Amino acid sequence: MIDFVSGLPILSLITFTPLAGAVLIAFLPRERLNWIRWAALGTALIAWAFSLLLLTSFDPGAAGFQFGEVADWVPAFGIQYKLGVDGISLALVVLTTTLTWISILASFGPIKERVKEYMISFLILEVGMTGVFLALDMFLFYIFWELVLIPMYLIIGIWGGANRIYATIKFVLYTLVGSLLMLVAILAMAYTYQAHTGTWVGAFDYLTLHDFGFDPTLQFFAFAAFFLAFAIKVPMFPFHTWLPDAHVEAPTAGSVILAGVLLKLGGYGLLRFAVPLFPDAAHDWAPLVIVLSLIGIVYGAIVALVQPDLKKLVAYSSVSHMGFVTLGIFVFTEQGLHGALIQMIAHGILTGGLFLLVGVIYERTHDRTIAKMGGLAGRLPVYSAILGFFVLGSLGLPGLAGFIGEFVTIIGAFDFYPWVAAIAALAMMLGAAYLLFMYQRVVFGDLSDFLKGIGHHLTDLNRTEIVTLAPLVVLATGFGVFPGLLLQLWQTPVTEFVARLVPAALAFP
Amino acid sequence: MPTGVLADLALPPFVPFLNWAWDDLLFLLLAGIMLAAAVFVVVGRNIVRSGVAMMLCFAALAGIYVLAGAVIVAAAQVLIYIGAISILVLFAIMLTQSKSGPLSLVFHRQAWAGLLAAIGVALLLILSVVNTEWPLAVADRLWSVTDEVALLLFTDALYVFALQVIAVLLTAAVIGGVFIAKREESADPGEPAAATLERQPRPADAGVGGGEA
Amino acid sequence: MTTDQIFVTLLLALPLSGFALTALVGRRLHTRAWMIAVPVLIATWAIAMYLVYQTLFLHAFGDEGLHFTLYKWVPAGNFSIDFNFAVDALTAVVLIVVTSIGMLVHVYSIGYMAHDPGRWRFFAYLNLFMFSMLLLVLADNFMLLFAAWELVGLSSYLLIGFWYNRKSAALAAKKAFIVNRVGDFGFALGIAAVWTTVGTLNFTTTEAGPGVFQLLPQALESGAIAPWMMTGIALLLFMGAMGKSAQFPLHVWLPDAMEGPTPVSALIHAATMVNAGVYFVARANPIFAQTPDAMSLVAAVGIFTAILAASIALTQRDIKRVLAYSTLSQLGYMFAGLGVGAFAAAIFHLMTHGFFKGLLFLGSGSVIHAVHEEQDMNKMGGLWRKIPITHWTMLIGSIAIAGIPPLAGFFSKDEILASAYKNGFQTVWTIGVIVAVMTGLYMFRLMGKTFYGESHVDPHIEPKIHESPRSMTVPLILLAIPSVLLGLVIGWPPESGLLHQWLAPVFEHATETLELHEAPFVFAGIDATLLFIGAAAAALGVSFGIWFFGLFGFTQRQVTVERLTDTFRPLYTASFHKWWFDELNDLIFVRFGGFVARALWWFDVRVVDGTVNGIAALTQSTGRGIRQIQTGHVQNYALGIAAGLLVIAITYIFVVAR
Amino acid sequence: MISVDAHTILALLPPVGVALLALIVVVVDMYRPGRDRLLVGIAVGGLALLMALVVVIGPLPGLGLLTGAQEVFDGAYVRDSLTALVDLLLMAIALLTILFGPDYLRPRGLPAAEFAAMLLFAITGGMLIAGAHDLIVLFLALELLVLPGYLLAGYAKRDGLSTEGAIKYFLLGSFSSAIFLFGLVLTFGYIGTTNIGEIASSISATLGANGFKSLSPALLMGLALLTTGAAFKIAAVPFHYWTPDAYQGSPTPVTGYLSVGPKVAAFALILRLFVDALGGLKADWTPFIVVLAALTMTLGNLVAVGQDNIKRMLAYSSIAHTGYILVGLAAFGAAPVGSLAEQAGLQAVLFYSVAYSFMNLGAFAVVAALQRRPGVTSQLATFAGLGRRAPLLAALMLLFLLSLTGIPPLAGFWAKWYVIQSALQVGGWLTLLAVLTVLNAAAAAFYYLRVAVYMYMREPADSAPAVELGGQTRIGLGLAALGTVAIGLVPPVTIAVITMAQQAAQALL
Amino acid sequence: MSHSLDAYLILSALLFGVGTFGFLARRNAIAMLMSIELMLNGVNLAAVAFGAFTPELQAHAALIALIVMAVAAAEATVGLAIVIAIYRNRRTPLVDEYSSMRE
């Protein structure tokens, strides 16, 4: 424990440092691209450093939330500015801060237009994402949740590809439908609380509501609303179709954050809010959610097999991988949850890396069509090797983080119901199939004519790109070999989570 | 017995042959004139004649007001409606050079639907008033209370207040009306030479142009 | 940590660091890229031998062997998996094969890969493979073993696809990985089932707590799980073994894997990795022993693979493919051995086969090298004088694999067949004997077509043929020695040789459970008869081979072969086309699977996304529709208001007030 | 006899002051014609002064010389918290409109004097509506509100569209006035009074004991006529037809005013009529409000989706917002008598009106600023590339649009928040209405974001003229933005508005 | 008949209805304006009728009628001003030709 951290509003610092940076950048002259870039990177690095500081001071053994910060906000409704961190949110916060600076760094080259707006958007995006993970007040949570939307809307819409407007509007509308219904549910929840206790105090407080115990009808509908919001974000089948579009059109860094953090918001929401607040409803809904997760896992993988576009392939692979997250959460076993969590982190790291790599090749060739690629191994050996690393990580190679996520989830799912695990495990085969198929076509063979036409622009990774990728490689390996680093971080909340839910454990069929 | 205005006249109590009260006859007569004139107002092809018919209608209505004992209202009706509003309307007709024309110019294509709707509204109104027991109403109508009206107008706070509001209203209407109706001597700078009309939909790429203000 | 524990750790750390170093700096070493990898491997081999010595000869770790935990790997609540190792007799035996052949292949590769610009990658991958393989052998729990299992798959993938600009290599690598994944799918589920049932994944009982091999039989006994569940678990686990050891129907990847450099074929696809399945089933013998149904299935799959592969091997023209199918066939033997309960015999065959098949592959590599990367046997012939060391060592290997006494193959193979017969699997035995005949035939077909008779080598290459460098021939010679002697040294007398003594504690319980009453081998009666039949079958096969394809100066009977081929044309075609398994797979997975995937994609775009877009479009078109009521005509608007008034009034008066 | 005491003067001072201000403007213009800046100064200064005066007079929460409702003129006019709130709001609306109006009018050769005078007269009417406690006063005030409105709509008298909008507005408005008037007379004839308090007590005492069932057909007819008239004024579907045409045709600043001023006043009218006078019958009129609300928001949004003219789009959007506000009224109606939810509903109506005024006026102010140069159309294409051409203006537009969408933590979000919350407090059918509201809000995001798409994601036309902002427009925009942000984000402001709305709601009950 | 409230009210309703019809059916702006005047007169008639039959309301009703007249005058002023303005632009008094803005 470092003592001085306990005196700092460290969570607010992490959350709002990027905002300060955004304000700073707003005052920088538009033409000074490098000032803007470095200011953004510096801000993100400071936020990252704060998050690491938090990590060092965090006590994984302690129950409940730590480093809490509370201030009244709208006392009329008992709305508070309330932040707190437990192992689960801590891991995701650090993932967020890490991926943010990587993304910003990765944008140095590709983003040449309206750099100022871009960096501001990105930093505000970070505020929203971090805030979602730290908020302990339903209202505050909702604010941060929506705050994420606008910067992402701009990032896709302004700096995206040809069909970006369709993609970004689809993204926003889809997300908005879910989140607005969630708002209704939050309000209904708060009102029910108020009607029962006669006071608004605590009506939005997560911890209070957590122990309140809502009646079944409310649980049913509120869960439905929460679930919809989060399922869209995750995204679960059949609410996933915004994802391929958004990914294909988003700029590289946007894709990285989208896949790396934004999807996690959904998973986090499910396990932090939807399930603990409405345990009975969650229990009733679980079979449906599990079935959808399984469909997502298999379906996403199969559809990924025939994608002609690299980004679409990775996008559909996200659908498949995130299926493990929802599956893990809703089997209500300790292993399932552990698996889901580590899968979230792993997916963030690995898919983030894949998108960075796709971005690298896109920047050089202005194309992502798999069929036009081929033979990169000879020309871009480092690139190919690192792509191979992420492909293997993504298909769940032991030793890398993705394996732990999938395997532990399968264990948890098997504990719940063997056939569920069996179907989920199909992803092992299908994942290998589509990823290796892609890898083979892109990397192996002779250099394609299209790539030959690129000429000397087709260069291997430069130093910046390696700097952006190296941390991801290290993390993916580190968490694959020492998953305990993560697992022990969130052991306490996971235990609490499972204790609240007694699953209807089915025996061996 | 005839009451009201007709009470002073030495008339037989009932209309000969019809056995109606005189004021009933008068009422029917006026009502008939009024309705006929009103119908003419709305169906007449020549709008100038419509205007004149409207004056007739208002005049007949003034008579009915008298019958109903509201002499002051009748007087106001003559002054305001016949004297002011109708003349205003006629002026407007002249100014806009509205002429008579074929029916297609008079009535909108959906006039039949308008007729149905109007009949519906009228029917509903009639049905509802007929089927209503008016709790405050007395059996027979009362005689004029002109002085009371005057007294009320200047003593009842409500009407004093209303009068002030009407004053403001008329002021505003006059100031605005004059502005809108008055012809500009010359086009001001920046004004498009001739106001052009903008039709929807317009090509999406038209960034500039058109006369829409 | 004790010294032995450090050694075990080093056993893994050395090749891993070798991999890392070579990957990082190997490129700058140019032709000396081997300079990290090979010494590392030699050191590894030395340590392994030390451990083998400790385990097998000094019995230093007792019957249970050495168990220790490096750190807690996956502490996911009560799913708590250690990074732990075990060195017992079984491990030690396999270590001998793995490290010895591994070391020799490394040395061999110095010469073989000398002219390949990618050699640094090659050595890096080889070291990675050795690390994975050693981890697989040393792992003391299912999950760690599974991890290693996948890692060897990865190394195999990398090495098969080593010549990445060859499309066939890339495809073969992908195929190998994916087919293995099919097996791993079952394996993973099996592991999940094990954990769900007993709550641990540790193999054996240690201080840390009871292991699976103790708990599962207990659970069965106590009725906590039904027998069919036990069978289910065993079969799921066996699925993994089938994938890795290329058993029917997951055998399709192995022949294609010959796209890799020949040393890889020798090391991974003949001597070590493909044996992992055998090793694992032997390791899991306490589970399999509980479920006779599963055992029978293992035996059936094994022996079917044996004859299937042998039948294909008879007609292949590519020298490495013949060896590949031969490997399949021999692996089939091993599984047959496992299935009939002859665990030790299977491991015995694993050992001997490792050596002689490694030898054969390296030899074939030497041949291919000599004829300038030509693999078609129809373009060889008469090479025995030009590359004598290669020829002689390969001849030894061939005799060994054919099962001619007293070479190694004879002992191991016949032990399996004899056990099959004695344990009541007469069918297995019968087929096994037929396969033995076929083995002799296809091996000597290979020898004949390659080394004897007239030369069909390209005349341009013919004069350039020369024996391989010493770094290649020395390993051949070193491998030839155990191919000859190993059987006699550790396999005699049958069923109670040195190997059996070593492995007895490992398979003790299984043998008891299966109630195999081991009558000691006597050189008479049924034992001798079986021994004789085995030897005779081998001799018959070899004779046919020599008869048809020659030996040294004996002439080949081309005409006879052709007549024979014509007579059995349908059979020949089937064999030549490998019974159309690739075509079948192509149909099912590539074509049908592709169709399904495309259909789902269509579904995704048109139906799922179509619904989303449809809702949006519907909203827009509804909006466009409703817009029409805004006609721009005041009268229309007024009519609308009047209609609204009517509706409200009528509802007020006639509905609400009613 | 009439007694004019200090309280009467205090109570009437604000509307009288505004009317006088209008006259002052006219008179000053007579003697110093064309001095727009002076006029604007007078009007703005006067309004600011009067706003301060309202604050001084009260009754506002914890403020004002008047502490409770002050009835004057025998109860014909009442100054309570509702009056004070609406007064303030209308004056703020007028102030903003006068600020950004002249910059638009001047280049078109239109005088500021009549504009300001009409505007001030109109809001005098609106302010009188807010305090009207007698149907006659209500009607007169309504006429005072709308007659200058018709004139303002046709203010650009040489422009075909402006006059077209004006005549449509006028004809339909007069039609509806006649309808309203008939309803008034029928009510008068039946109940025998026009005083709202007396009507209310009469209804609650005897007539409305059994709801509509106990009413005579004539009174029901009267109510139907009143409902229609009122629904017309707030532009609820199906009485909304005039809105798009009038809004589109009017000079843009006028459109801005029309979209908020008359709407706020009309809602004050609805509150006085339906809550104050007919509150006792609410069980029977509530279903109609529910249907109206549902129809209004849905139709408004559906039709707005396809619009290419931003003024027309915002017109439909304003229809949709009317629907949202009606949800608050419906919540009041459906809530049990005397419950907190009743108050919450009214509070929501008022809060929404406040928030809506600022953001909608702001949006129109941006449009007006863009159209400063005559000839610039209000087609969406005008906005193309605004993010580059005028970043600040674009950012403000984005702010207003986001607020209209209901993105937290802007004012519009809180507005929706209250509306939904009040609906949820009641539960039952109102929950469905709340859900419909948020679905509508999501659909609305589509067209609001479309503007953002044009601003940020489309390239400007080459001929796009530079955008210059007038000084007054700047101030106006700044104030509107300040309101939009502060109501949402600055707790004291939020609380102040909430409390005002709350007290106003209490005053009505 | 003239002694019955209903008679007056029916008459008022008829006048209102005729006005409504005119408003809905006529194309000329001024004719529509006149129709509105008819409607307002219908309302006035109703007000006067109530006054005539209700002692307490008699004077009030008359005042209401007067007020309505004043409002009608103001409306007419404004309306005619607008009609004149649009006539200047469009050269037609036919309202349904003012449909530049729709949908």
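Bear in mind that the values here come from a model prediction, so they are computed numbers and not experimental data. Labels below follow one simple rule: chain letters A, B, ... track the order of the sequence lines, proteins then strands, and each chain is numbered from 1.
With chain B as the partner, the residue from Gly22(E), Gly17(E), Ala59(E) showing the most heavy-atom pairs under 4.5 Å is Ala59(E). Contact tally against chain E (heavy-atom pairs below 4.5 Å) for Leu124(B), Val41(B), Val129(B), Val138(B): the top residue is Val138(B). If you tally non-hydrogen atom pairs under 4.5 Å between each of Leu63(E), Leu45(E), Ile64(E) and chain B, the highest count goes to Leu63(E). Highest contact tally toward chain B, considering only Leu94(E), Ile10(E), Val78(E), is held by Ile10(E) [criterion: heavy-atom pairs under 4.5 Å]. Options Val83(E), Leu14(E), Val71(E), Leu66(E) differ in how many heavy-atom pairs under 4.5 Å they form with chain B, and the most are formed by Leu14(E). Looking only at heavy-atom pairs under 4.5 Å with chain B, the residue among Ala85(E), Ala73(E), Ala65(E) that has the most is Ala73(E). The most heavy-atom pairs under 4.5 Å with chain E, out of Val43(B), Ile119(B), Val149(B), Val174(B), come from Val149(B). Contact count versus chain B (heavy atoms, under 4.5 Å) is highest, among Ser35(E), Pro55(E), Ala49(E), for Pro55(E).
Looking only at side-chain heavy atoms (C-beta outward), Met69(E) and Ile85(B) stay at 4.5 Å or farther from each other. The closest side-chain heavy-atom distance from Phe50(E) to Leu136(B) is not below 4.5 Å. When side chains are defined from C-beta on, Asp96(E) does not count as touching Arg109(B), because their heavy atoms never get closer than 4.5 Å. Between Phe107(B) and Arg26(E), some side-chain heavy-atom pair lies under the 4.5 Å cut-off.
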Cut-off 3.5 Å, no hydrogens considered: what does the side-chain donor-acceptor table look like for residues 52-81 of chain B, sequence neighbours left out?
{"from": "Gln77(B)", "atom 1": "NE2", "to": "Asn41(E)", "atom 2": "OD1", "distance (Å)": "2.9"}
{"from": "Tyr81(B)", "atom 1": "OH", "to": "Glu37(E)", "atom 2": "OE1", "distance (Å)": "3.4"}

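Within the 4.5 angstrom heavy-atom criterion, only side-chain atoms of Trp134(B), from C-beta onward, approach chain E. Contact of Leu57(E) with chain B is made through the side chain alone, with heavy-atom distances under 4.5 Å. There is no contact between Glu75(E) and chain B, counting heavy-atom distances below 4.5 Å. Proximity to chain B (any heavy atom under 4.5 Å) is shown, for Phe23(E), by neither the backbone nor the side chain. Contacts between Leu15(E) and chain B at a heavy-atom distance below 4.5 Å involve backbone atoms as well as side-chain atoms. With a 4.5 Å cut-off on non-hydrogen atoms, Ala46(E) does not touch chain B at all. Only the side chain of Leu35(B) comes within contact range of chain E, with heavy atoms under 4.5 Å apart.
Counting only distance, with no hydrogens or angles, the side chain of Arg88(E) and the backbone of Ala181(B) share a donor-acceptor pair below 3.5 Å.
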